[in-house]
Amino acid sequence: MHETRQETRDEALYEKVRNVIPAFEWPVYAQEIDAIMTLKKQRNAVILAHNYQTPEIYHCVSDLVGDSLALAREAMAVDADVIVLAGVHFMAETAKLMNPGKTVLIPDLGAGCSLAESITPEDVRELRRRYPGVPVITYVNTSAAVKAESDICCTSGNAKAVVESLGVPRVIMIPDEYLAKNIAAETDVEIITWKGHCEVHERFAPQDVRELRDSYPGVTVLAHPECPPEVVEEADFSGSTAMMQAFVAREKPARVALLTECSMSDNVAAHHPELEFIRPCNLCPHMKKITLGNIRQALETMTHEVIIDPSVTERARLSVERMLAVK
Ligand code: 13P
Ligand code: SF4
């Protein structure tokens, strides 16, 4: 690309993140971003990024961004040959399930999730033996093998709708105990759950909300539904990452705190320089494994390709498809 055109593009990109990335850090990012843009064209690739990706990934190299639900839907519609999933492994597996003809790459195979690790397919079979006939709703934060043992999936954005869509008095909802309890508080359906927790959100406590309110009068507190129920009860709003983002855009709270992963506030703040973001966040070590450097490497070397065991593919896809048909 002609040097001045490239400089203009870099400046336009920096404008998007000026609010959250200091100017002295930008030149290092700009170099990697340029290399990734070129590789995307060469490979006919798109980058799907979760809302917890760092701002230089989220705002500067991604083609599609969103919560787990949006990423599953967007993956289905991708026309390019290659999908790079800037997020964690279950998200890349879901993209592959929904668009099996594409090459799906995850830049770091170690980008896991404490919820996905908390349950195995055998655990689900055991739950079915213990509660015969009770349908199993599985959070998308699970392996494809666990999804394959389930009746239907859900995300934090549609969990209540999925629970109520089944028209039964009792469901099993796995593996996030807190998400299940938070949904149980909103519905008459009885929910049997599992002891899985998100290592990022379980660390928030009701005391954090009280301290925020004392130290920052008038603050609006938003909590992800993976937080313990006592935290969600004290918050002003709870919803998926996309729902929190929409809340901020709609309500424009002058002073706001998002009880969730750290990059989320950065990414939302980049759009709203007029609002004050208080940032009592926790980092997700899995999400943070994805960097511009390993996205570049993924595209250069076409690694790490996500392959799903053919014995689980069809059943796992069906669980996700049933969810997408609900909402
Ligand atoms: P969302 O579906 O709300 O984006 O959440 C995904 C996740 O991993 C939250 O910890
Ligand atoms: Fe998993 Fe929690 Fe990280 Fe989300 S934030 S990927 S639920 S460990």
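Both counts, for ligands and for their atoms, begin at 1 and track the order of listing. Values reported hereafter were calculated over all heavy atoms of this structure, with side chains retained and with hydrogens, waters and symmetry mates removed.
- Residues Arg315 and Glu149 are paired through a salt bridge, judged by an N-O separation under 4.0 Å between the basic side chain and the carboxylate.
- Those atoms of ligand 2 with a heavy atom of Leu115 less than 4.0 angstrom away are 7 (S).
- Using 4.0 Å as the threshold, Met243 has no heavy atom nearer than that to any atom of ligand 1.
- Under the 3.5 Å distance criterion, the side-chain polar atoms of His50 are matched with a main-chain donor or acceptor of Tyr52.
- Shortest contact from atom 8 (O) of ligand 1 to any protein heavy atom: Asn141 ND2, 3.4 Å.
- Close approach to Tyr52 involves these atoms of ligand 2, each under 4.0 Å from a residue heavy atom: 5 (S).
- Under 3.5 Å, the side chains of His201 and Thr260 contain a donor-acceptor pair of N or O atoms.
- Atom numbering of ligand 1 starts at 1 in the shown order; those under 4.0 Å from a heavy atom of Tyr52 are 7 (C), 9 (C), 10 (O).
- Close approach of ligand 1 to Ser68 (heavy-atom distance below 4.0 Å) involves ligand atoms 1 (P), 2 (O), 4 (O), 5 (O), 6 (C).
- Checked for salt-bridge contact, Arg128 and Asp151 meet the test: a charged N lies under 4.0 Å from a carboxylate O.
- Using a 4.0 Å cut-off between charged nitrogen and carboxylate oxygen, Asp34 and Arg9 count as a salt-bridge pair.
- By the 4.5 Å heavy-atom criterion applied to side chains, Cys153 and Tyr139 are not counted as neighbours.
- With a heavy-atom cut-off of 4.0 Å, Glu261 does not touch ligand 2 at all.
- The nearest N, O or S atom of Cys284 is closer to atom 3 (Fe) of ligand 2 than 2.8 Å.
- Here the two cysteines Cys281 and Cys262 have their SG atoms closer than 2.5 angstrom.
- Side-chain atoms of Glu126 and Tyr131 include no donor-acceptor pair closer than 3.5 Å.
- Ligand 1 lies less than 4.0 angstrom from a heavy atom belonging to His201.
- By the disulfide bond (SG atoms under 2.5 Å apart) test, Cys60 is found to be paired with no residue, residues two or more places apart in sequence or in another chain being considered.
- Under 3.5 Å, the side chains of Asp266 and Ser263 contain no donor-acceptor pair of N or O atoms.
- In summary, the atoms of ligand 2 found under 4.0 Å from a heavy atom of Ser114, numbered by their order in the structure, are 8 (S).
- For atom 2 (Fe) of ligand 2, the closest heavy atom belonging to the protein is Cys198 SG, 2.3 Å.
- Looking at Lys288 and Thr54, their side chains come closer than 4.5 Å, going by heavy atoms from C-beta outward.
- Interface atoms of ligand 2 facing Val200, defined by a heavy-atom separation under 4.0 Å, are 5 (S).
- Proximity of Cys113 to ligand 2, defined as any heavy-atom pair under 4.0 Å, is shared by backbone and side chain alike.
- The N/O atoms of Asn51, backbone and side chain alike, include none that comes under 3.5 Å of an N/O atom in ligand 1.
- Each of the atoms 7 (S) of ligand 2 lies under 4.0 Å from some heavy atom of Asn141.
- Neither the backbone nor the side chain of Glu261 has any atom closer than 4.0 Å to an atom of ligand 1 (non-hydrogen atoms only).
- Applying the 4.0 Å criterion to heavy atoms of Glu226 picks out, from ligand 2, the atoms 2 (Fe), 7 (S).
- Residue Glu226 has at least one nitrogen or oxygen atom sitting less than 3.5 Å from a nitrogen or oxygen atom of ligand 1, judged on distance alone.
- Ion pairing between Arg43 and Glu300 fails under the 4.0 Å rule for side-chain N and carboxylate O.
- The distance criterion of under 3.5 Å between nitrogen or oxygen atoms is met by His224 with respect to ligand 1.
- Considering backbone and side-chain N/O atoms, Tyr139 never comes within less than 3.5 Å of an N/O atom of ligand 1.
- Counting only N and O atoms by type, the side chains of Ser156 and Ser240 include no donor and acceptor under 3.5 Å apart.
- Of all the atoms in ligand 1, the ones that sit under 4.0 Å from a non-hydrogen atom of Asp67 are 1 (P), 2 (O), 4 (O).
- Within the listing of ligand 1, atoms 3 (O) sit less than 4.0 angstrom from a heavy atom of Ser240.
- Close contacts of ligand 1 with Ser156, meaning ligand atoms under 4.0 Å from a residue heavy atom, involve 1 (P), 2 (O), 3 (O).
- Of the possible donor and acceptor atoms, none in the side chain of Asp208 sits under 3.5 Å from a partner among the backbone N and O of Phe204.
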